[in-house]
Amino acid sequence: MSKQTKAKKSGAKARPHGYEIPSGWTGDVTEFDPRATPGFDGGKKQGKQLLAERSEKLSGLQERLYAAHHGADGGRSVLLVVQGMDTSGKGGIMRHVVGQVDPQGVEIAAFKAPTAEEKKHDFLWRIRKRLPQPGLIGVFDRSYYEDVLIHRVHGWADAGEIRERYTAINAFERELAKDGIAVIKVMLHISHAEQGQRLMERLERADKHWKFNPGDVDERSHWEDYMEAYTRALRATSTVGTPWHVIPADRKWFARLAVQQLLLDALEEIDPQWPVAEFDVAEQMERLRATMA
């Protein structure tokens, strides 16, 4: 296959994607290859080119969503939930995918350790306050899933409490769907070896030291526990209405491309339309022309 033919095949009709987890799944997250590029036959150069080409389409759909529903009492919105181990590329998704649309139509929330006030309420209390309003794309850089992942790994909640949280999450996400929020849940799936290399790069480069946290090395010792925690969370909370997508993340360019595709799919399904003018267009044109004479 020539380079030209390969580039063409990897272009317009390509549908880069992760692995959608069906309801009732009984597999293991470690079965997925972190270096795979499902739905895309091209390489890094073609992937970056396609990401740039499709950014304009994504931006246009986001603008239509904002115009059609922003400020309304009810309407559609999108929530992108991004989970992954440290260095899996969450920041790159924010910059290279979400960052390509009009910032006024996006709200990004990064959930850190809960505050003293937040600890007084159930684990979804602070989440509800950051849900996207009609017309917006909301992005959770880590999310309420931390309360069933890190809590399981470190034993901060027992098995019974974790099961109750799975149930609460499923009910919560059904509520979101009923309210018109399209939920996209992605796990950026990075390999243990690739994470080690990315952490080492942060130590070797002075301009990356600010991104390094000594605690990241400590968490690597719990790698297998985290993979088990993700597996159990995906089994319990990947539903027909809000499935999980495992995104191979060892190749950063592919992970960005796959998440972009999921956003495009969600917005195309919503199919937002430009709102009809609430004034007489012809009349206003005449009034404007009078000021230009």
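The figures here come from the full heavy-atom set of this structure, side chains too, leaving out hydrogens, waters and symmetry mates. Numbers here simply count residues along the sequence, with the first being 1.
Salt-bridge annotation for Arg35 and Asp33: absent, with no side-chain N of the basic residue lying under 4.0 Å from a carboxylate O of the acidic one. Ion pairing of Arg142 with Asp86 is present here, as a side-chain N (NZ or NE/NH1/NH2) and a carboxylate O approach within less than 4.0 Å. No salt bridge links Lys129 with Glu118; every basic N to acidic carboxylate O contact stays at or beyond 4.0 Å. Remark: Lys185 engages Glu173 in a salt bridge, criterion side-chain N to carboxylate O under 4.0 Å. Salt bridge absent: Glu283 and Arg287 never bring a charged side-chain N and a carboxylate O closer than 4.0 Å. Of the charged side-chain nitrogens involved, none lies within less than 4.0 Å of a carboxylate oxygen, so that Glu201 and Lys211 do not count as a salt-bridged pair. Arg289 and Glu286 are joined by a salt bridge, as a carboxylate oxygen and a charged side-chain nitrogen come within less than 4.0 angstrom of each other.
Nearest heavy-atom pair across Val153 and His222 is CG1-CB, 3.8 Å. Among all heavy-atom pairs drawn from Val139 and Leu79, the shortest one is N-CD1, 4.4 Å. Of all heavy-atom pairs between His69 and Gly135, the closest is CB-N, 3.5 Å. Contact between Ser77 and Pro134 at its shortest, heavy atoms only, is CB-CA, 4.2 Å. Residue Pro248 comes nearest to Ala255 through the heavy atom pair O-CB, 3.7 Å, listed as atom of the first residue, atom of the second, then distance. Scanning both residues, Gly42 and Gln46, for their nearest heavy atoms gives C-OE1, 4.0 Å.
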Could you check Arg15 against Asp265 for salt bridge (Lys or Arg N to Asp or Glu O under 4.0 Å), going step by step and ending with a plain yes or no?
-> CA-CA 10 Å; Arg15 291 190 60 80; Asp265 290 346; 2.9 Å; yes
Could you please spell out the steps behind the side-chain contact (heavy atoms from CB on, under 4.5 Å) verdict for Val186 and Trp244?
-> CA-CA 6 Å; Val186 301; Trp244 273 99; 5.6 Å; no
For the pair Glu194 and Lys252, evaluate salt bridge (Lys or Arg N to Asp or Glu O under 4.0 Å) and give the outcome as yes or no after the intermediate values.
-> CA-CA 11 Å; Glu194 179 66 20; Lys252 295 179 181 178; over 6 Å; no
Which is it for Arg152 and Glu228 under the side-chain contact (heavy atoms from CB on, under 4.5 Å) test, yes or no, and what are the steps along the way?
-> CA-CA 9 Å; Arg152 181 185 184 87; Glu228 181 181 359; 4.1 Å; yes
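Between Leu50 and Phe40 there is a side-chain heavy-atom pair separated by less than 4.5 Å. Contact annotation: the side chain of Ile190 approaches that of Arg198 to within less than 4.5 Å [non-hydrogen atoms, C-beta and beyond]. Taking 4.5 Å as the limit, some side-chain heavy atom of Lys57 sits within range of a side-chain heavy atom of Leu264. In this structure the side chain of Arg174 never reaches within 4.5 angstrom of the side chain of Lys178, judged on heavy atoms. Looking at Asp216 and Arg202, their side chains come closer than 4.5 Å, going by heavy atoms from C-beta outward. Residues Trp253 and Leu51 fail the side-chain proximity criterion, which asks for heavy atoms closer than 4.5 Å. Between Ile181 and Val78 there is no side-chain heavy-atom pair separated by less than 4.5 Å. Side-chain atoms of Ile21 and Pro243, non-hydrogen and from C-beta on, never get closer than 4.5 Å to each other.
Cluster membership check: Ile184 shares its hydrophobic cluster with Leu267, using side-chain heavy-atom separations under 4.5 Å among Ile, Leu, Val, Met, Phe, Trp and Tyr. Using a 4.5 Å cut-off between side-chain heavy atoms of Ile, Leu, Val, Met, Phe, Trp and Tyr, with links allowed through other members, Tyr19 and Val259 fall into different hydrophobic clusters. Leu234 and Ile247 fall into different hydrophobic clusters, where Ile, Leu, Val, Met, Phe, Trp and Tyr residues are linked whenever their side-chain heavy atoms come under 4.5 Å apart, directly or through other members. Ile108 and Leu188 fall within a single hydrophobic cluster, where Ile, Leu, Val, Met, Phe, Trp and Tyr are joined by side-chain heavy atoms under 4.5 Å apart, directly or via other members. Follow the hydrophobic side-chain contacts under 4.5 Å out from Val82 and you never reach Ile150; the two are in separate clusters.
The distance from atom NE2 of His96 to atom CZ of Arg256, rounded to the nearest 0.5 Å, is 4.0 Å. Distance check, rounded to the nearest 0.5 Å: NZ of Lys48 to NZ of Lys44 gives 4.5 Å. Rounding to the nearest 0.5 angstrom, the gap separating the CD1 atom in Ile162 from the CG atom in Leu149 is 8.5 Å. Note that CD of Gln83 is 4.5 Å distant from OH of Tyr230, once rounded to the nearest 0.5 Å. Considering OG1 of Thr237 and CZ of Arg165, their distance stands at 14.0 Å, rounded to 0.5 Å. Taken to the nearest 0.5 Å, the CG atom of Asp179 stands 8.5 Å off from the CG atom of Leu131.
Taking Arg64 as the reference, Asp271 meet the side-chain hydrogen bond (donor to acceptor under 3.5 Å, both in side chains) condition, with sequence neighbours excluded. For Glu63, there are no salt bridge (Lys or Arg N to Asp or Glu O under 4.0 Å) partners two or more places apart in sequence or in a different chain. Listed by chain and number, the residues in a ring pair (Phe, Tyr, Trp, His ring centres under 6.0 Å) with Trp156 are His151, His154 (sequence neighbours excluded). Checked against salt bridge (Lys or Arg N to Asp or Glu O under 4.0 Å), Arg251 has no partners two or more places apart in sequence or in another chain. Remark: Tyr66 pairs with His70 by the ring pair (Phe, Tyr, Trp, His ring centres under 6.0 Å) rule, at least two apart or across chains.
Under the 3.5 Å distance criterion, with hydrogens and angles disregarded, a donor-acceptor pair is assigned to the side chains of Gln49 and Glu53. Between His192 and Arg220, the side chains place a donor N or O and an acceptor N or O closer than 3.5 Å (distance only, hydrogens not considered). For the 3.5 Å distance criterion, the side chains of Asp250 and Ser191 qualify, holding a donor opposite an acceptor. Side-chain atoms of Asp280 and Gln284 form no donor-acceptor pair, as typed in the model, at a separation below 3.5 Å. No side-chain donor-acceptor contact under 3.5 Å links Gln260 and Arg54.
Not less than 6.0 angstrom separates the ring centroid of Tyr144 from the ring centroid of Phe111.
Within 6.0 Å of the CD atom in Glu31, the count of heavy atoms belonging to other residues, nucleotides or ligands exceeds 12. Around the CD atom of Glu56, the shell of radius 6.0 Å holds no more than 12 heavy atoms that belong to other residues, nucleotides or ligands. No more than 12 heavy atoms of other residues, nucleotides or ligands lie within 6.0 Å of CH2 in Trp210, so this atom counts as exposed by the packing criterion.
Judged by distance alone, the side chain of Thr231 and the main-chain N or O of Val29 form a donor-acceptor pair under 3.5 Å. Between the Asp158 side chain and the Glu161 main chain, a donor and an acceptor come within less than 3.5 Å of each other. In this structure, the side chain of His245 does not engage the main chain of Met187 through any donor-acceptor pair within 3.5 Å. Within the 3.5 Å criterion, the main-chain N or O of Arg235 finds no donor-acceptor partner in the side chain of Ser238. Not a single donor-acceptor pair under 3.5 Å links the side chain of Thr242 to the backbone N or O of Thr239. Judged purely by atom type and a 3.5 angstrom limit, Ser143 has no side-chain atom pairing as donor or acceptor with the backbone of Phe140.
Hydrophobic cluster of Phe279: the remaining members, joined at side-chain heavy-atom separations below 4.5 Å, are Val281, Met285, listed by chain and number.
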